[in-house]
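Heads up: the structure comes next, in structure tokens.
Note that these values count all heavy atoms, side chains included, but never hydrogens, waters or copies made by symmetry. Along the sequence shown, residues are numbered consecutively beginning with 1. Here the structure is a predicted model, which is why all the values come from computation and not from measurement.
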Amino acid sequence: MSRLKEMKNNSFPKVAMEEWVEQAEKALKGKPISKLNTVTYEGITRKPVYTKNDINDHSFKQLIDKSDWTVSQQLYPSTSFEELNAQLKQELRSGLQSIHFATYPSTEPNALVIKEQKDIKTIFSEISLNNIPLQIHAGSSATTFINALIDSGMETNNLQGIIGADPVGELAATGTLNKPLKQYYDEMKSNIEWKENNAPYLKTVWIQSNPYHNGGANAVQELAAAMATAVEYLQELMNRGMSIDAASQEIAFTFPVGSDFFMELSKLRAARVLWANIVEAFGGDDQAQKMTVHATTSMFTKSNLDPYVNMLRTTSEAFSAAIGGADSINVDSYQQGGDVFSRRIARNTHYILKEESFLDKVVDPAAGSYYVENLTNQLEDEAWNLFQKLEKLGGIVEALRRNFLQDCIAEVKGKRLKDVQNRKKVLVGTNMYANLQQKLKQQISSKPIEENELATVKVQAIQPLRLSVAFESLRYQAKLYQEKEGTPPKVTLLNLGSLATHKPRTDFSSGFFQVGGLLPVVSPSFEDANEIVEWSSAHNITGYVCICGSDDTYEELLNAAVMTINSPNRKILVAGLPDATRQKEMQEIGVSDFIHMRSNCYEQLVKIHQEMGLTDNEA
């Protein structure tokens, strides 16, 4: 017992930051500690270590007041409303806690076309809504849905949740609105008046940051756009006679949560601070400063390739949303569809995070972390600066009209796509560790937003995308080629030296070609030029050949290998990046190109696809 008591009273010795830096730089062999810094897409520098000094400039404000969240899952279109009703009833029995869908006039691809009272009666048949919150996003206006709800004769006094519109979000997503914004704001106010008398527990304005997130925006741009939209609505509602306290409590927010774990949870925490500061500046009280945050796993980060990896992505994103303090979370299915199994897995993800990871037991578990608090504070500052720029331009709508926000987002999107193409950003199963045994299903693609010439309000739409699309296109091209030719497109890997010496580059090359749907055909290990001659004579090698070996082996065998296999019906690549002089020497004897860690993998694979004729089978 005395030993246990002694252990409890022990503590680690305090170490000064200077001492840590000294030891770290020794480990870095004299390089400065700044070499460990990284810069995010938000322009924020991440350091390897944070201390109390990193949060001294900000006062801490507790805005998250609960630990649990509502289990949400978006409902997708089906063959009939009767089928959707049956699905809802089954899922509500199996852990679903809210009814969440998009509906007309929302242009979201998965929106339900609900225009009439009979549709509402069917979808909610035999479902008691007294204790089940609604999360219904109606695009530019909730009027059509609310009118159908009124016509249905359903009891609405106990309805809770959101039946919300976001005309500015719809404008950003589609580039058009069919009516003047003033008319949408008039409808917004009219719907609030209806709900005050008939459904007092509902919210009717639901700001979506999805258009910005799915267009490639960083966290700062998402936050600034959402806050600028909120200010637009607050001002318009107050101009129509509402108080700041009443107007602010009508508004809910949705934030997609991406793959940068700490950035995304800090984004949700920063959103609450920004919202509280805005409402306070308008004169709102403490209750009005509270924010309703719905989080959803990101579509931007998902892939059609090796879809089981999407389970890991959605789990990490939901984890981030829970720690970030979301009031409700939508975990999308890994198949990005409505099949029973994948929806069940998505729903159960919530309960693993709640019941096995205990994330619903602690309020704001990231609070006090020097790193998270610093990141939250920096997001607040950067988002506020961008928000002020949007306001100086005349607000969110004017910023969209001038293409200011679109241009900012396009710059970040370009960086993201480049990082995926050169595999600095790894998408497991897509641009790294591809599974060529996977049976590819029908390709799911985002259709470009078409311009509506008759629209009353027009801006440049923020086109949605998924990071995986470029590599998906390569894989589907290869698949169509295989279906047409009866054999997959192949690349021969010619291995020089012993297995131990060529294996690192052989493995790298195999992975490099597989992400483009190209099947590696691996040769034996050759330690003698004569072996290469014999083997190549016995095999009908055509198309691309990639030579793999160590730098030392290349000095001994590469020239002989190139001269042996060089012919008009072959293209020779070399794995590795020799210096400029050696590259020139290799090219003079027949080497076409080099693949290496710094390659733009996508661009090189596109070139190979073109030369193989695979682009004739475009997916």
By salt bridge (Lys or Arg N to Asp or Glu O under 4.0 Å) - contacts of Arg313 (at least two apart): none
Salt-bridged, [X] to [Y], with N to O below 4.0 Å?
{"X": "Asp260", "Y": "Arg46", "value": "yes"}
{"X": "Arg402", "Y": "Asp407", "value": "no"}
{"X": "Glu472", "Y": "Arg466", "value": "yes"}
{"X": "Asp65", "Y": "Arg272", "value": "no"}
{"X": "Lys52", "Y": "Glu373", "value": "no"}

For [X], does the [atom1] atom have more than 12 heavy-atom neighbours from other residues, nucleotides or ligands under 6.0 Å away?
{"X": "Lys47", "atom1": "NZ", "result": "yes"}
{"X": "Phe404", "atom1": "CZ", "result": "yes"}
{"X": "Lys361", "atom1": "NZ", "result": "yes"}
{"X": "Met597", "atom1": "CE", "result": "no"}
{"X": "Tyr433", "atom1": "OH", "result": "no"}
{"X": "Lys389", "atom1": "NZ", "result": "no"}

Is a side-chain N or O of [X] found less than 3.5 angstrom from the main chain of [Y], in a donor-acceptor match?
{"X": "Asn431", "Y": "Lys425", "value": "yes"}
{"X": "Gln221", "Y": "Asn218", "value": "yes"}
{"X": "Ser333", "Y": "Arg343", "value": "no"}
{"X": "Glu25", "Y": "Ile33", "value": "yes"}
{"X": "Arg475", "Y": "Leu518", "value": "no"}
{"X": "Glu170", "Y": "Thr107", "value": "yes"}

Would you say [Y] and [X] are linked by a side-chain donor-acceptor pair, where the criterion is simply a distance under 3.5 Å?
{"X": "Asp339", "Y": "Ser342", "value": "yes"}
{"X": "Tyr233", "Y": "Asp166", "value": "yes"}
{"X": "Glu108", "Y": "Ser106", "value": "no"}
{"X": "Thr314", "Y": "Lys302", "value": "no"}
{"X": "Ser468", "Y": "Thr430", "value": "no"}
{"X": "Ser72", "Y": "Asn330", "value": "no"}
{"X": "Ser298", "Y": "Glu317", "value": "no"}
{"X": "Ser94", "Y": "Gln90", "value": "yes"}
{"X": "Gln610", "Y": "Thr615", "value": "no"}
{"X": "Asp332", "Y": "Gln74", "value": "no"}
{"X": "Ser248", "Y": "Gln289", "value": "no"}

Validation row, ring centre [X] to ring centre [Y] under 6.0 Å:
{"X": "His100", "Y": "His294", "answer": "yes"}
{"X": "Phe253", "Y": "Trp275", "answer": "yes"}
{"X": "Tyr371", "Y": "Tyr50", "answer": "yes"}

